[in-house]
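Each remark here refers to the structure printed beneath this line.
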There are 2 protein chains.
Amino acid sequence: MNNLGNTKKDNATENIALDEKDIAILQLLEEDAKMTIRDLAAKLNLSATPVYERIRKMEQAGVIRQYAAIVDPSKIDKALTVLCYISLKEHGKKAGAKFIKEITSFPEVMECLNISGQFDFMLKVQVKDMLAYHEFNVNKLGELDNIRHMESVFVMSVIKATHRVVY
Amino acid sequence: MNNLGNTKKDNATENIALDEKDIAILQLLEEDAKMTIRDLAAKLNLSATPVYERIRKMEQAGVIRQYAAIVDPSKIDKALTVLCYISLKEHGKKAGAKFIKEITSFPEVMECLNISGQFDFMLKVQVKDMLAYHEFNVNKLGELDNIRHMESVFVMSVIKATHRVVY
DNA sequence: ATCAGTATAGAATAATGTTCCGTTTCAAAA
DNA sequence: TTTTGAAACGGAACATTATTCTATACTGAT
């Protein structure tokens, strides 16, 4: 077990208090970021201005981190998702930072989490198929020199996948 | 090991071929869905019309599944992420469907994957803190009657988290 | 009750999305 | 090589939406 990685606070301005209206706006935008301000205003029984300014505040405060187009992996020939668990040989600050830098540079790695338990990291890897994963494993992960142990868990189906964190 | 859950194809129209320009558009929109069509056009050395029509086609084909506002969990007091691994007692179709229906209804569950290995499912749970996770565990997961075994892995830090699948 | 700060509505303006149409490009068929 | 048709494109016109501005209404503290 270790605690590598970024633990510093976010770059945005300090925290802001969110009321029920802000929460409602977030919930709607999490589902559909293209919803117009007028539609939002209608749902909240407000005019456009306050909705607009609430959104702007939440953007500047870093509450809304990003607006993203979510692409269906299977439609772009990336149908296989693998969870790859990794434990390191050396857990020193320098060795950890090196590992993180390398892992982060791989576009196949959608997610890298520093976790508790017998492994140090969980990677979520998105690739075309098993062959592509094998090649990723051999040519990219296999080239890293600090890996003690590795284990792959394959995703057979996605039951639920949401970006909503507000509830 | 089982294979519960939705394996049918998506609701959108049939697949479309994507060329380099489409890929470039997707990459940009994955990072910033609010980028204007004219800005996209400028980056691709195109006019607005073809960019607009390419985006519309990809939306209709289901390549672009959604436009989402991504909210920072820590900013809304949901600072703890837990990976919760679950194996079921009964793997029959009916029992599996019941479990899925219940799990899906919990807002704390961001993600539910049907996986290979010793467990059947991995849940990604997003909550305020350890106390909230304990309560989720006892009051929600604990009420399910089909769980054989359960294991929690805690996320200590997020090294990388992206929604980009196009590369 | 008064004041200061904040939130709001409504209208005006700026920016962006969307459509239209004539032109170009490109590849297949002759 | 020429012809032809379909698809992609550019530029302008139009429609919708975001953004700003100003005046008003609200809220809490003194």
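Letters go in sequence order (proteins before strands), and every chain restarts at 1.
- Between B/L40 and the options B/I55, B/D32, B/L46, a side chain to side chain contact (heavy atoms under 4.5 Å, CB included) holds for only B/I55.
- Among pairs with a residue in residues 122-131 of chain B, those fulfilling salt bridge (charged side-chain N to carboxylate O under 4.0 Å, His left out) read A/E111-B/K124, B/D77-B/K128, B/E111-B/K124, at least two apart in sequence or across chains.
- The closest side-chain heavy-atom distance from B/R65 to A/P73 is below 4.5 Å.
- The nucleotide range of DNA chain D contacted by chain A, defined by atoms under 4.0 angstrom from heavy atoms of the protein and reported 5' to 3', is D/dT17 to D/dC21.
- A donor-acceptor pair shorter than 3.5 Å cannot be found between the side chains of B/Y85 and B/Q118.
- One can place CG of B/D19 at 18 Å from P of C/dT25, the figure rounded to the nearest angstrom.
- Residue A/R54 has no polar side-chain atom (N or O) positioned under 4.0 Å from OP1 or OP2 of C/dA7.
- Side-chain contact check for B/I86 versus B/F119: every heavy-atom pair is 4.5 Å or farther apart.
- For the pair A/R56 CZ and C/dA7 C1', the interatomic distance rounds to 13 Å; values are reported in whole Å.
- No side-chain donor from either of A/E30 and A/Y167 sits under 3.5 Å from a side-chain acceptor of the other.
- Within residues 29-53 of chain A, the residues having any heavy atom closer than 4.0 Å to DNA chain D are, in order of number, A/T36, A/I37, A/R38, A/T49, A/Y52.
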Next on the checklist: Let's go through B/K57 and B/E53 carefully: what are the C-alpha distance in whole Å and the side-chain angles of both, what is the deciding distance for salt bridge (Lys or Arg N to Asp or Glu O under 4.0 Å) to 0.1 Å, and is it a yes or a no?
Outcome noted: CA-CA 6 Å; B/K57 274 185 189 170; B/E53 287 176 352; over 6 Å; no
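- Side-chain contact check for A/V125 versus A/N137: every heavy-atom pair is 4.5 Å or farther apart.
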